[in-house]
Amino acid sequence: MADNATDACDVKSMDDIMALCKRRGFIYQASEIYGGVNGFWDYGPLGSQLKKNLRDAWWNDVVMLGCGGKPGPDGKPVRIVPVDTCIIQNPKVWEASGHVGGFNDPMVDCRETKSRYRADHLKCLGEKGDTEGQIYAYIENDDASYASARKKLDRYKKRALSDAEIDTCALTELGNAELAITVGPDAKEVGTLTPPRAFNLMFKTVLGATGDAEIDKAYLRPETAQGIFINFKNVVDTTRVGVPFGIAQTGKAFRNEVTPRNFTFRSREFEQMEIEFFCHPDEAKAWYEFWRDWRMAWWESMGLKGENLILREHDRDELAHYAKEGAGTSDIEYRFPFTAPGYGELEGIADRTNFDLKQHQEHSKKKMEYHDTTRGELLPNGQPKGEWYLPHVIEPSAGLDRGVLAVLCEAFTPDPERPSGVVMKLHPRLSPIKAGVFPLVKKDGMPEVAEKLRAELHQRFGRLGAIEFDEKQSIGKRYARMDEAGCPFCFTIDGDTMTDQTVTVRDRDTLSQERMGLDKVGDFLAEKLGV
RNA sequence: GCGGGUGUAGCUCAGUGGUAGAGCGUCACGUUGCCAACGUGAAUGUCGCCGGUUCAAGUCCGGUCACCCGCUCCA
């Protein structure tokens, strides 16, 4: 598959993938019967099981096995504990995290140049005392922008005005009538600037049935991370964990994206799989590199391989405000059909330093420092004195819905040779349908034997995914359906089964058909599913 | 948020102001002996939604919603 990855990518059409997702019940548009709602998607029977399987794989590998059992940079097992925190928290959480203050800025759009400006970054100038003539907006502390505005004013007045004749004010002080005679910083026409509009990406809600919209204002969380940070002390105090350790959480988060687009890639409601890994500041770099590399390997183990998956280290000037002082930030990115030849982010691994714990310590007035009893100078009795510090945090934060989408895109394989025309080569561990059990024809006792096998496999593997039983229509049609659903193996009961107790195993990816004993099917499937 | 495009059956799409269509899929019955076989039959639509023009609107006009593409945004 790796050899023709580029070719396959070229052939893949997002429209075809979306059509298959709808047709086979992976993903539907939310509220479809009411015309849909922008930025929201529902998962169908196959999609929800696929999503659960990917989440379970993450949960199992990260939390239960602690990075799949791989020792950390300290040579010890990686310790991760889970939490499940609320979508709605005290609004002060989002003030501390910076989500309320920093991202509540009114913005101004220019209809002519399509530029967007922060309203509080724009100033205006005009001739002193002139209330009729044009006003020129410019970007504060930008000499070129200011000079441009002055030049436009001079040209409008047909003379060079002195500094003393100029009046300036903030754009936010202008009324609508004045905006109508204002020229944007990079515009030629007047009145192309929109009134300042707030672009807070957080969903607001109101607490209490009779709640006052202002006083009882609350937010749906824009990320799951803060729920972990605010419970850091609780977990340390009530669980026998010690730094270094991680706290994991999966759950929904909500962002009022300006432009939801690209199928489920940028949704307004989405699910995250996040780890906040707490470590000593001196060890942050080693843990950062450990997590970055292990997370990359994990996505590869989910079937995302070759040129479509890359690890990209952020440039210094690209780093988020909280990561400036840290060891760095990396994105694990997948080349989606709609981003190709570029890539879209699946997971970010960031060294957030102690930014979040420090913020919550300041805002909540609660001590967030950790007492590390394994550090500090040795006391006369031979015990370490201990050291108080704010742990640094390495955050591998993955998008579950984006992961599902990447897995679907990777699996989607056009194949004109097949009757279905397409096969979903999902990793067996992720496949929503684990196996198909088919009687070759609906007679001669075959359905009965097939049903017995289905019941046996269902008992053993039903917790992982569906076991499909189908006795209708031709065997080829049933195989084709399984190709589109991404079912990796089909077991077919035929005439020979009745005499020698063997079945045909049909492999989705190779189309090979081999015979095996009826009693070997369970173990065969267990091995393929890695259970 | 701006500009362009699209919206008709589950999917892909035809449809010239005058009776709502095709292929595939789905379902039933028969047949069928390993890759969407075949036969017969069936179901599936307020033509995205709202309004307007008209004797008559899927078709023309306006608005709106959703999706796609390009900007913009994306802590």
Side-chain angles (χ1 to χ4, degrees), chain A residues 13-16 18-25 28-41 44 94 97-105 107-118 192 194-195 197 199-202 222-223 225-226 253 255-263 265-268 318-323 329 338 344-345 348 350 352 355 397 415 417-423 438-444 446 471-484 490-498 503-508 511-515:
Chain A
S13 136
M14 205 57 216
D15 287 346
D16 290 345
M18 290 172 70
L20 182 139
C21 283
K22 172 74 190 292
R23 187 167 70 240
R24 286 296 164 194
Y28 312 124
Q29 187 179 21
S31 303
E32 190 184 80
I33 62 169
Y34 289 104
V37 51
N38 198 355
F40 296 86
W41 301 90
W94 311 115
S97 68
H99 288 88
V100 173
F103 306 99
N104 211 3
D105 307 307
M107 305 293 280
V108 169
D109 285 315
C110 176
R111 296 189 195 91
E112 178 188 332
T113 64
K114 315 301 180 200
S115 302
R116 172 170 293 166
Y117 311 93
R118 272 181 62 169
T192 61
T194 64
R197 289 170 295 197
F199 274 85
N200 193 324
L201 295 185
M202 278 198 294
E223 62 176 29
Q226 299 304 326
R255 295 182 195 179
N256 232 329
E257 298 288 354
V258 176
T259 311
R261 198 163 285 194
N262 290 330
F263 204 20
F265 183 77
R266 184 172 298 149
S267 302
R268 286 174 164 155
E318 198 182 346
L319 295 177
H321 56 90
Y322 53 74
T329 299
F338 49 79
E345 180 185 348
R352 296 181 70 116
F355 175 85
S397 171
D415 184 353
E417 302 298 311
R418 292 182 191 235
S420 57
V422 62
V423 54
F438 305 139
L440 184 59
V441 288
K442 194 170 57 176
K443 61 182 182 184
D444 299 340
M446 294 181 207
E471 56 179 13
K472 305 283 182 62
Q473 300 172 310
S474 75
I475 192 70
K477 183 173 279 195
R478 284 175 275 168
Y479 286 159
R481 270 200 283 258
M482 290 299 99
D483 280 350
E484 283 203 336
C490 295
F491 302 99
T492 301
I493 281 69
D494 57 24
D496 293 345
T497 309
M498 316 312 287
V503 299
T504 303
V505 187
R506 186 257 191 188
D507 184 295
R508 176 196 66 200
L511 294 177
S512 71
Q513 302 203 51
E514 292 169 23
R515 294 202 74 82

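Just so it is clear: chains get the letters A, B, ... in the order the sequence lines come, proteins before strands, and each one is counted from 1.
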Closest to the [X] side chain: [options]?
{"X": "A:Arg23", "options": "B:A37, B:C11, B:C35", "result": "B:C11"}
{"X": "A:Gln29", "options": "B:A66, B:G33, B:C11", "result": "B:A66"}
{"X": "A:Asn262", "options": "B:G33, B:A36, B:C69", "result": "B:C69"}
{"X": "A:Gln513", "options": "B:C35, B:A37, B:C67", "result": "B:C35"}
{"X": "A:Asn38", "options": "B:A75, B:A66, B:C34", "result": "B:A66"}
{"X": "A:Trp41", "options": "B:C67, B:C11, B:G33", "result": "B:C67"}
{"X": "A:Lys472", "options": "B:G33, B:A28, B:C67", "result": "B:A28"}
{"X": "A:Leu511", "options": "B:C35, B:A75, B:G10", "result": "B:C35"}
{"X": "A:Asp444", "options": "B:G33, B:C68, B:C73", "result": "B:G33"}
{"X": "A:Arg261", "options": "B:C68, B:U12, B:U32", "result": "B:C68"}

Could you tell me if the side chain of [Y] sits less than 4.5 Å from the side chain of [X], heavy atoms only?
{"X": "A:Phe438", "Y": "A:Cys490", "value": "yes"}
{"X": "A:Leu440", "Y": "A:Met446", "value": "yes"}
{"X": "A:Tyr479", "Y": "A:Pro419", "value": "no"}
{"X": "A:Leu511", "Y": "A:Glu417", "value": "no"}
{"X": "A:Thr504", "Y": "A:Asp494", "value": "yes"}
{"X": "A:Arg261", "Y": "A:Phe338", "value": "no"}
{"X": "A:Glu471", "Y": "A:Ile493", "value": "no"}

I want to check one thing: is the phosphate of B:C34, taken as OP1 and OP2, less than 4.0 Å away from some side-chain N or O of A:Thr504?
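For B:C34, OP1/OP2 do not have a side-chain N/O of A:Thr504 under 4.0 Å.
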Could you work out the separation of [N] and [M] based on their [atom1] atoms and round it to a whole Å?
{"N": "B:A42", "M": "B:U59", "atom1": "P", "answer": "30 Å"}
{"N": "B:C49", "M": "B:C67", "atom1": "C1'", "answer": "15 Å"}
{"N": "B:A14", "M": "B:C74", "atom1": "C1'", "answer": "40 Å"}
{"N": "B:C29", "M": "B:A56", "atom1": "P", "answer": "48 Å"}
{"N": "B:G33", "M": "B:C69", "atom1": "P", "answer": "47 Å"}
{"N": "B:C24", "M": "B:C61", "atom1": "P", "answer": "35 Å"}
{"N": "B:A9", "M": "B:G15", "atom1": "C1'", "answer": "14 Å"}

Rounded distance (Å) that lies between atom [atom2] of [N] and atom [atom1] of [X]:
{"X": "A:Arg478", "N": "B:G33", "atom1": "CZ", "atom2": "C1'", "answer": "11 Å"}
{"X": "A:Glu471", "N": "B:U32", "atom1": "CD", "atom2": "P", "answer": "16 Å"}
{"X": "A:Phe438", "N": "B:C34", "atom1": "CZ", "atom2": "P", "answer": "16 Å"}
{"X": "A:Arg508", "N": "B:C34", "atom1": "CZ", "atom2": "P", "answer": "24 Å"}
{"X": "A:Met18", "N": "B:C68", "atom1": "CE", "atom2": "C1'", "answer": "8 Å"}
{"X": "A:Phe355", "N": "B:A75", "atom1": "CZ", "atom2": "P", "answer": "14 Å"}
{"X": "A:Asp16", "N": "B:C68", "atom1": "CG", "atom2": "P", "answer": "14 Å"}
{"X": "A:Arg24", "N": "B:U12", "atom1": "CZ", "atom2": "C1'", "answer": "14 Å"}

Base, sugar-phosphate, or nothing for [X], non-hydrogen atoms under 4.0 angstrom?
{"X": "A:Lys442", "value": "base"}
{"X": "A:Phe263", "value": "sugar-phosphate"}
{"X": "A:Met446", "value": "base"}
{"X": "A:Ile475", "value": "sugar-phosphate"}
{"X": "A:Gly39", "value": "sugar-phosphate"}
{"X": "A:Arg255", "value": "base"}
{"X": "A:Glu223", "value": "nothing"}
{"X": "A:Leu20", "value": "nothing"}

Partner of [N] by Watson-Crick or G-U wobble geometry, both contacts under 3.5 Å, or none?
{"N": "B:U6", "value": "B:A66"}
{"N": "B:A43", "value": "none"}
{"N": "B:G17", "value": "none"}
{"N": "B:U31", "value": "none"}
{"N": "B:G51", "value": "B:C61"}
{"N": "B:U12", "value": "B:A22"}

Could a donor-acceptor pair under 3.5 angstrom be found where the side chain of A:Glu484 meets the base of B:A36?
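Check passes, donor-acceptor contact within cut-off.
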Decide yes or no, distance alone: a donor-acceptor N/O pair under 3.5 angstrom between the base of B:C35 and the side-chain of A:Arg506.
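Answer is yes: a donor-acceptor pair is held.
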First encountered from the 5' end of RNA chain B, between A:Gln473 and A:Asp483
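It is A:Gln473 whose nearest nucleotide is closer to the 5' end.
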Which residue lies more 5' along RNA chain B, comparing A:Arg418 with A:Val441 via nearest heavy atoms:
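Closest to the 5' end, via its nearest nucleotide, is A:Val441.
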Testing A:Arg24, A:Arg418, A:Arg508 for salt bridge (charged side-chain N to carboxylate O under 4.0 Å, His left out) with A:Asp483, which one passes?
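Single salt bridge (charged side-chain N to carboxylate O under 4.0 Å, His left out) partner of A:Asp483 among A:Arg24, A:Arg418, A:Arg508: A:Arg418.
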Of all heavy-atom pairs between A:Asn256 and A:Arg268, which one has the smallest distance, and what is that distance?
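For A:Asn256 and A:Arg268, the tightest heavy-atom pair comes out as OD1-NE, 3.5 Å.
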